[in-house]
Amino acid sequence: MVIVLAAGGGTRMKSSRSKLLHEVAGHSLLGYSVSAATEIGPEEVVVVVGHQRDQVQAHLAEIAPHVRTAVQEEQLGTGHAVECGLAALADLAQLPPEIVVTYGDVPMLTSETLLDLLFEHRTQRASVTVLTATIADPTGYGRIVRDTDGHVARIVEHRDADDETRAITEINSGIYVFDSATLEAGLGQLDTDNDQGELYLTDVLAYARSIGGAVAAHRIADHWQTEGINDRVQLSAMNAEMNRRILLDWMRAGVTILDPATTWVHSSVDLAPDVTLLPGTSLEGATSVAAGATIGPEVTLKDVEVGEGATVVRAHAELSVIGPGADVGPYARLRPGTRLGAKGKIGTFVETKNAQIAEAAKVPHQTYVGDAEIGRGANIGAGVIFANYDGVNKSTTVVGDYSFVGSNSVLAAPVVVGDGAYVAAGSTITGDVGSGDLGVARGRQRNIRGWVLRKRAGTKVAAAAQEALDSAAGTSDETPAAREAKESNGR
Ligand code: UD1
Ligand code: CA
């Protein structure tokens, strides 16, 4: 059984959002606490909510529908919060023998640490076991006061402590295992005789001692695991530390990270060996990168699957798939629903959305591909627009296998360009183009002979024209009529 205390205000975040919903490495503070609690396999996880509880409950329903919530209307102290948690379990025939108490705002705490704490509790046959850490600046924390035998005697809050007690650097993390009978009895004995006038859960330890129980402590070296988040300065420090650890783990698993200072990887990301991450890379959500791929510099991928050996340079992609050996960027934007096939290319200043771009198809330059299916090996010229929106409806464009769409064309959806078809450069295609056909949809070219010499006489342009015409006349024996015939044949 785990009770997660999460009713406090978090006013120092200065946020309209509950403190517990702020994120570290892509997951909410509360998400980490609930995951660690759930991973130890308890009968129940109860989260005690209070401040901004609508937000907190909605978030829990999304990320951890298995947890119960207990409401603490007024924050009368950590002891009162645990009482509220127990009240929410009143329907149980009986409480399990061990109750773990943690906080909703300690994201680094792991389930391994909770299991170590339980192990200590059981081997010491303790009534209460508290997780402690020794830190350089213990200001604000409850201090672990030990008796002459070194056993934990009680916990004294900073504000209730004298100078001698304040000099103690071993602090209470606020994370404990309680024998449930001792906890219930101890909560019943709490008073508000302290500086804050609150019901202190910490007083249950002194109570346990007073009835002859043993109080054990499990001290961990990794103080980050006991660190709570109260403001955005701490949030930033926690993000940096979490990211540092995530990157270390990936480097040890065979990922090259050129500049850890500018590389950010969420805890939910999956990377294969021989992935290379270049400076300014941010991998978020459920992103996965297969072996040998190179990401960066300056790339953000959110919920993106990258295949083996792909290259992604200066790009922003979301909910997309980049196939093995594919090439993206520099300066590309892949919006949700982009699927780039093996060895495909999405090049420079290209934006895609809901677009299937099959194996070896190429969209190399300055193009918008919205709501499209592009076939295998097709080539989309520079500056092509897949016009998917007529102001009312969005429609799909299909370009068949090995087709070639000339530069500066507009494909006004819905339209189908068949397999092995061509679209002439500069066309605005509004009707289907059959397989093997060339679609041309543009004004025919007309040259107005001698226009410059007549209308721009005396300019440098006219002088250049005159010079070219003179030298052509001197070197060529082509008659003006022959020249004209040749030009119109060329089209
Ligand atoms: C508490 C401990 C202190 C410990 C510190 C570790 C007590 C009396 N003190 O102090 O020994 O060093 O945590 O961070 O327990 N909460 C509720 N309802 C309440 C009060 C608190 O749910 O009525 C929750 C808060 O949301 C928070 C946690 O309990 O997650 C701790 O509360 P907080 O007020 O931060 O306790 P501290 O005074 O810091
Ligand atoms: Ca606190």
Side-chain angles (χ1 to χ4, degrees), residues 2-13 18-22 28-30 32-34 36-37 46-53 55-57 69-88 100-109 128 130-135 137-145 152-161 165-166 168-176 178 183 186-187 190-207 215 217 219-220 223-231 234 238:
V2 183
I3 298 177
V4 180
L5 305 189
T11 48
R12 279 176 285 166
M13 291 299 279
S18 160
K19 169 174 97 171
L20 300 160
L21 272 53
H22 283 260
S28 67
L29 299 181
L30 186 57
Y32 287 101
S33 295
V34 168
V46 183
V47 179
V48 181
V49 298
H51 275 275
Q52 292 165 304
R53 68 169 180 263
Q55 287 183 28
V56 177
Q57 281 175 322
T69 56
V71 176
Q72 185 191 24
E73 292 287 354
E74 258 186 293
Q75 280 64 62
L76 305 177
T78 47
H80 179 250
V82 172
E83 277 184 307
C84 294
L86 290 177
V100 174
V101 174
T102 72
Y103 292 163
D105 63 355
V106 284
M108 204 80 94
L109 178 74
V128 187
V130 55
L131 184 70
T132 75
T134 297
I135 60 175
D137 178 12
T139 308
Y141 284 99
R143 304 300 206 282
I144 303 295
V145 179
V152 177
R154 62 187 179 280
I155 294 173
V156 179
E157 292 307 294
H158 181 91
R159 48 203 302 170
D160 298 313
T165 308
R166 285 185 180 182
I168 297 171
T169 54
E170 185 182 11
I171 58 101
N172 169 27
S173 68
I175 295 151
Y176 325 76
F178 291 94
L183 178 62
L187 289 173
L190 295 183
D191 59 40
T192 54
D193 184 14
N194 53 57
D195 188 57
Q196 295 188 88
E198 289 184 353
L199 295 165
Y200 282 177
L201 180 60
T202 45
D203 289 345
V204 175
L205 277 72
Y207 167 80
V215 176
R219 196 193 316 214
I220 54 167
H223 69 87
W224 282 99
Q225 289 204 42
T226 68
E227 210 87 46
I229 304 296
N230 297 302
D231 61 28
Q234 291 169 336
M238 180 62 74

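Indexing begins at 1, ligand by ligand and atom by atom, following the structure's order. Because only heavy atoms are used, hydrogens play no part in the values below, and waters and symmetry mates are left out as well, while side chains stay in.
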Working to the nearest 0.5 angstrom, can you tell me the gap between T132 OG1 and R219 CZ?
5.5 Å

Please classify the Q72 to ligand 1 contact at 4.0 Å (heavy-atom distances, strictly less than): side chain, backbone, both or neither.
side chain

Check this for me: D195, atom CG, are more than 12 non-hydrogen atoms of other residues, nucleotides or ligands nearer than 6.0 Å?
yes

Can you name the atoms of ligand 1, numbered from 1 with element, that are less than 4.0 Å from a heavy atom of A81?
17 (C), 18 (N), 22 (O)

Contact check, G228 vs ligand 1, heavy-atom distance below 4.0 Å
no

Is it true that A6 lies under 4.0 Å from ligand 1, counting heavy atoms only?
yes

Using modelled atom types only, decide if a donor and an acceptor are shared between the side chain of R143 and the backbone of R166 within a distance under 3.5 Å.
yes

N/O separation below 3.5 Å, G104 to ligand 1:
no

Just distances here: any N/O of T78 and N/O of ligand 1 closer than 3.5 Å?
yes

Is there at least one pair of N or O atoms, one from I155 and one from ligand 1, spaced under 3.5 Å apart?
no

Ligand 1 contact by T202, heavy-atom criterion under 4.0 angstrom:
yes

Heavy atoms only: which of N172, N230, V47 is nearest to atom 4 (C) of ligand 1?
N172

Should H80 be listed as contacting ligand 1, given a heavy-atom distance under 4.0 Å as the test?
no

Contact check: Q196 vs ligand 1, nitrogen or oxygen atoms, below 3.5 angstrom
no

Just jot down the side-chain contact (heavy atoms from CB on, under 4.5 Å) partners of S33, sequence neighbours excluded, or say none.
V4, V106

Any atoms of ligand 1 less than 4.0 Å from a non-hydrogen atom of G142? List them with their elements.
3 (C), 4 (C), 11 (O), 12 (O)

Whether R154 side chain and D203 backbone form a donor-acceptor pair below 3.5 Å
no

Below the 3.5 angstrom mark, is there an N/O of Y141, backbone or side chain, next to an N/O of ligand 1?
no

Among the heavy atoms of L76, does any lie under 4.0 Å from an atom of ligand 1?
yes

How many angstroms lie between atom CG of N172 and atom OG1 of T202, to the nearest 0.5 angstrom?
7.0 Å

Whether the side chain of S173 engages the backbone of L131 through a donor-acceptor N/O pair (distance < 3.5 Å, no angle test) should be reported.
yes

Would K19 and D105 satisfy side-chain contact (heavy atoms from CB on, under 4.5 Å), going step by step from the backbone distance to the final call?
CA-CA 8 Å; K19 169 174 97 171; D105 63 355; 2.8 Å; yes

Distance under 4.0 Å to a non-hydrogen atom of Q75: what atoms of ligand 1 satisfy this?
18 (N), 19 (C), 23 (O)

Need the ligand 1 atom indices (1-based, order shown) with element for anything under 4.0 Å from a heavy-atom of L5.
22 (O), 24 (C), 29 (O), 30 (O)

Exercise: identify the closest heavy-atom pair between C84 and A70:
O-CB, 3.5 Å

Listed once per pair and sorted, the side chain to side chain donor-acceptor pair (under 3.5 Å) pairs that draw on residues 75-86, sequence neighbours left out
H51-Q75, Q72-H80

